[in-house]
Each structure stands twice: as C-alpha cells, then as structure tokens.
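Below: the structure, in structure tokens.
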Amino acid sequence: MALQWMILTYVVAAEAVIALLLTLPSPKAIKSTIVSFVSLILQPALFIVPFASFQLLDIYWKKEHRLMCTSEICTASERDRFEKSIYKAQRNVILCAAAILLYWSVYRICKYYKEIQSLEAVEKRFKEH
C-alpha cells in the first residue's frame with residue numbers, strides 16, 4: 001500500500017517542479033521549448049487524474065468501514081493507532097487533491113502559453129500587412 005503513496009508523492013513533486021519551471025520568467029526560446037516538451041508529456045501523464053481519484057475513493061471506503069475507537073473500552077494504544085490512521089488519511093487526501101490540482105494547473109499554463117503564441121502570430125501578420 002505504501003508504494004502507491006510514494007509514487008503519488010513523486011508525481012506531485014514532479015508536477016510542482018514543472019509548474020515552477022513554467023511560471024519562472026525565462027527567454028522566449030527557452031520558454032517555448034519547455035512548454036512544447038511539457039505539452040508532449042501532458043497526455044501520457046493524464047493517468048494521474050484517475051489514479052488519484054481512485055485513491056480518494058479508497059480512502060473514503062476505508063473511512064466508512066473503519067472501526068471507531070471513541071468509547072472508554074478502547075486502550076490508549078488502540079486510540080493512538082486510530083488517530084494515526086486518521087492523520088494518514090487526511091495527509092493522503094491532501095496529496096491526491098494536490099496531484100489533480102497541479103496537473104490541471106500545468107495543463108492550463110501550457111494552454112494559455114500556446115494561446116498567447118497564436119495571438120502574437122496573428123498580431124505579427126496584421127502588422128506585416
């Protein structure tokens with residue numbers, strides 16, 4: 001079970017680095033190269049959305065079927081284990097949401113940059129005529 005969360009963590013870190021690279025100011029040639037490379041990666045990387053969604057559903061299912069430890073008959077170690085599982089689930093929900101949000105952000109940044117390039121090309125053609 002820990003492997004899927006490790007993979008998701010690495011994907012979120014990679015998405016964060018890519019988003020940072022796309023938003024940093026850089027020369028036009030470098031920026032267009034980065035955007036074209038990231039655009040090629042975006043379609044195969046779409047797997048992260050259903051993967052993170054499935055993980056969210058798994059967390060929800062586990063939450064609904066988790067044994068509650070709120071009464072006085074629970075021992076201190078059982079209560080600690082219950083609280084630890086709640087904290088892990090909360091962390092994993094944030095990780096899944098970050099994966100989906102960062103993917104969407106990178107997609108929109110690339111799309112906006114391509115739209116800006118096409119508008120600049122249209123403006124350049126109008127100036128030439």
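Remember, it's a predicted structure, so these values are computed and weren't measured experimentally. Residue numbers run from 1 in the order of the sequence given. Computed from heavy atoms alone, side chains included, the values below leave out hydrogens, waters and symmetry copies.
At a threshold of 4.5 Å between side-chain heavy atoms, the hydrophobic network of Ile, Leu, Val, Met, Phe, Trp and Tyr places Leu102 and Leu40 in two separate groups. In this structure, Leu42 is a member of the same hydrophobic cluster as Phe47, with clusters built from ILVMFWY side-chain heavy atoms closer than 4.5 Å. In this structure, Val38 is a member of the same hydrophobic cluster as Leu46, with clusters built from ILVMFWY side-chain heavy atoms closer than 4.5 Å. Follow the hydrophobic side-chain contacts under 4.5 Å out from Trp5 and you reach Val49 in the same cluster.
The only member of Ile7, Leu8, Ile100 that meets side chain to side chain contact (heavy atoms under 4.5 Å, CB included) when paired with Ile48 is Leu8.
Here CG of Leu101 is found 12.5 Å from CD1 of Ile94. Values are rounded to the nearest 0.5 Å. Note that the CD1 atom of Ile34 and the CG atom of Leu22 stand 7.0 Å from one another [nearest 0.5 Å]. A distance of 11.5 Å separates OG of Ser39 from NZ of Lys111, quoted to the nearest 0.5 Å. Here the CD atom belonging to Gln4 is positioned 10.5 Å from the OG1 atom belonging to Thr9, to the nearest 0.5 angstrom. In this structure, CD1 in Ile30 is found 11.0 Å from CG in Leu21, a value given to the nearest 0.5 Å. Between Lys63 atom NZ and Gln90 atom CD the span is 10.5 Å, to the nearest 0.5 Å.
Residue-environment remark: OH (Tyr113) exceeds the threshold of 12 foreign heavy atoms within 6.0 Å.
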Residue pair Lys62, Asp58: steps toward the salt bridge (Lys or Arg N to Asp or Glu O under 4.0 Å) verdict:
CA-CA 6 Å; Lys62 286 178 181 175; Asp58 186 46; 3.3 Å; yes
Side chain to side chain contact (heavy atoms under 4.5 Å, CB included) for Leu3 and Met6? Distances and angles first, verdict last.
CA-CA 5 Å; Leu3 180 63; Met6 188 177 72; 3.6 Å; yes
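Side chain of Asn92 to main chain of Lys88: a donor-acceptor pair is present (N/O by atom type, distance under 3.5 Å, no hydrogens or angles).
Seen from the ring of Tyr87, Arg91 does not count as a face-on cation partner, given the 6.0 Å and 45° thresholds.
Counting heavy atoms from C-beta on, the side chains of Glu123 and Phe126 never come closer than 4.5 Å.
Between Gln117 and Ser32 the shortest heavy-atom distance is NE2-CB, 3.4 Å. Between Cys96 and Gln55, the shortest heavy-atom distance links the atoms SG-CB, 3.6 Å. Annotation for Tyr103 and Gln43: closest pair OH-N, 4.4 Å, computed over non-hydrogen atoms. In terms of heavy-atom proximity, Val12 sits nearest to Leu95 at CG2-O, 3.7 Å. Minimum interatomic distance between Leu24 and Lys31 (heavy atoms only, all atoms of both residues): O-NZ, 2.9 Å.
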